[in-house]
Amino acid sequence: MAARGQSLDARLKPNTAVICHICLKRPGKYTCPRCNVIYCTSECYKSEKHMQCSEAFYRDCFMEALKNQKTGDTEKAKTVEMLQKLEERNEADLDSDDEEEIRLEERLAGLDLDKDTDTIWDKLSKKEKEEFESMIEDGRMGHLVHNWSPWWLKQEDLVEEIGVSTSKCPEIKCDVHDLSALLSNKKPSENIKHNLISVLYAYVCVTRLNNGDTSTDPLEIAQEVLSLCQVIGQDRIFESTEEAIQDGINSVQKQECQSVREEFVISVIKDVELIIYGPKRGQSHGYSLAALSDLHTILVTASKLCSKVKKKADSKLPDLSNVKKQLFAARKKTEFYLSWLSSEYGACIFETLLPLKMLYAQKMTDFEKHNQTLTSLEDNLDQLRHNSQKKTLIEELL
């Protein structure tokens with residue numbers, strides 16, 4: 001899963017700044033005159049990644065200064081000897097690095113980078129794993145992954161921002177059953193709109209956490225949705241929009257396999273609001289129908305994969321019969337929500353917009369206050385440490 005937990009404002013703005021090619025964190029300000037790499041500070045220029053070029057630059061400067069300096073033969077001989085030893089050591093280090101790269105190539109030979117992820121991870125050294133995890137933790141990995149822009153961010157009556165390209169809206173399922181036939185002319189429950197919020201929240205979360213890629217492994221995507229949405233996964237019924245959203249947030253945060261930031265789970269509320277608004281800002285169910293249709297496609301594809309696995313006579317493959325039953329039930333529920341949205345009762349979904357707006361605003365306010373409190377505490381701790389060190393130094397001097 002890719003670059004995760006960004007704020008909505010950050011996702012709406014195009015990333016026009018050129019990132020430093022060395023640290024992959026800060027905007028690049030300078031260009032190396034020797035290798036043309038873009039870097040941000042002298043620290044990056046002198047870093048290990050740029051050492052071969054920077055040391056060569058310093059060596060050239062040193063040699064130029066040495067030529068202009070009047071020294072005796074003895075001093076020159078010592079300097080040349082010192083430089084030769086330094087050169088030999090650098091060459092040995094470079095050879096060692098090349099051997100390490102070759103060994104990595106050999107370890108990954110014949111593996112599919114998209115499918116054999118577990119095997120690839122096992123073949124990485126401890127140092128390589130630590131570096132990879134560090135890049136994910138500090139955000140450097142996000143600069144290497146294409147930032148997917150959700151299709152529901154596009155509004156037809158708004159001027160499109162130059163440079164922002166959203167993904168294509170999924171096709172809406174056409175063969176939807178008539179709601180009256182499904183309910184035998186009975187009136188649907190008032191809680192359907194809240195349950196639908198739960199479904200949309202889970203769909204948005206999983207889609208964003210996978211950077212928009214729901215086709216590579218639809219079975220895994222479908223299972224993630226079921227684990228986050230108790231409405232289609234466990235027959236849960238919600239009596240309010242707030243309850244449905246909070247359950248979704250709790251479910252995401254309980255997933256131990258995901259390192260999800262608080263800001264991300266809050267921003268998904270805004271995504272759900274945009275989907276309900278639709279392409280014409282509250283005048284149609286276009287985006288809600290598209291989201292449910294996309295989810296239905298994922299569930300259908302996942303069910304077909306389960307059937308293929310079941311047909312293979314391999315005892316090592318897991319038993320997916322229970323998963324297939326869950327997928328079938330979830331698919332039927334999704335079809336029901338499509339029928340409900342397409343009916344006269346579907347307009348009730350717009351009643352959730354105000355609670356969503358208020359909930360998003362409240363949670364963002366609480367989040368910002370929490371961050372301000374943490375920042376204030378850290379500043380106070382730093383000041384206490386500084387005063388303590390200063391007092392100790394004065395006592396030692398006395």
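It should be emphasised that the depicted structure is a prediction, and the values quoted were computed from it without experimental measurement.
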Heavy-atom pair of closest approach, residues [X] and [Y]:
X      : Y      : answer
Ile197 : Ile276 : CD1-CD1, 3.2 Å
Gly346 : His285 : O-CE1, 3.2 Å
Ala302 : Leu219 : CB-CA, 3.7 Å
Lys333 : Val231 : NZ-O, 3.3 Å
Cys306 : Leu327 : SG-CD1, 3.8 Å
Cys169 : Ala290 : SG-CB, 3.5 Å

The salt bridge (charged side-chain N to carboxylate O under 4.0 Å, His left out) partners of Glu273 (sequence neighbours excluded) come to Lys270, Lys357
So, Ser339 side chain and His177 main chain: donor-acceptor pair closer than 3.5 Å or not?
yes
Donor-acceptor check, side chain of Ser293 to backbone of Lys173, threshold 3.5 angstrom: yes or no?
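Such a contact is found between Ser293 side chain and Lys173 backbone.
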State, without any angle test, whether Asn210 and Glu220 hold a side-chain donor-acceptor pair at a distance under 3.5 Å.
no
Does the side chain of Gln246 come under 3.5 Å of the side chain of Asn250 through a donor N or O and an acceptor N or O?
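Yes, side-chain donor-acceptor contact under 3.5 Å.
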Which residues satisfy the side chain to side chain donor-acceptor pair (under 3.5 Å) test with [X], sequence neighbours excluded?
X      : answer
Thr31  : none
Asp294 : Tyr203
Glu171 : none
Glu351 : Lys193

Under the salt bridge (charged side-chain N to carboxylate O under 4.0 Å, His left out) definition, can you give me all pairs with a residue in residues 362-373, not counting sequence neighbours?
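Residue pairs with at least one partner in residues 362-373: there are none.
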Please list, chain by chain and in numerical order, all residues satisfying ring pair (Phe, Tyr, Trp, His ring centres under 6.0 Å) with Tyr201, sequence neighbours excluded.
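Ring pair (Phe, Tyr, Trp, His ring centres under 6.0 Å) list for Tyr201, sorted by chain: empty.
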List in chain and number order the residues that pass ring pair (Phe, Tyr, Trp, His ring centres under 6.0 Å) with Phe328, two or more places apart in sequence or in another chain; answer none if no residue qualifies.
none
For the pair Gln253 and Glu262, evaluate side chain to side chain donor-acceptor pair (under 3.5 Å) and give the outcome as yes or no after the intermediate values.
CA-CA 8 Å; Gln253 293 177 333; Glu262 179 74 16; 2.8 Å; yes
Indicate, with yes or no, if the rings of Trp151 and Tyr287 have centres closer together than 6.0 Å.
yes
Partner set under side-chain contact (heavy atoms from CB on, under 4.5 Å) for [X], not counting sequence neighbours:
X      : result
Glu243 : Arg236, Phe238, Glu239, Ser240
Ser215 : Asp213
Leu183 : Leu179, Lys186, Pro188, Phe336

With rounding to the nearest 0.5 angstrom, report the CD1 to CZ distance, Ile266 to Phe367.
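So the gap between those two atoms works out to 6.0 Å.
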Find the distance between OG (Ser198) and CD1 (Ile232) and round it off to the nearest 0.5 Å.
8.0 Å
Same apolar cluster (I L V M F W Y, side chains within < 4.5 Å links), [X]/[Y]:
X      : Y      : result
Leu200 : Ile172 : yes
Ile245 : Met364 : yes
Ile298 : Val300 : no
Trp148 : Leu153 : yes

side-chain contact (heavy atoms from CB on, under 4.5 Å) assessment of Cys23 paired with Ser47:
CA-CA 9 Å; Cys23 68; Ser47 68; over 6 Å; no
If you look only at pairs with a residue in residues 21-43, which of them pass as a ring pair (Phe, Tyr, Trp, His ring centres under 6.0 Å), with sequence neighbours excluded?
Tyr30-Tyr39, Tyr39-Tyr45
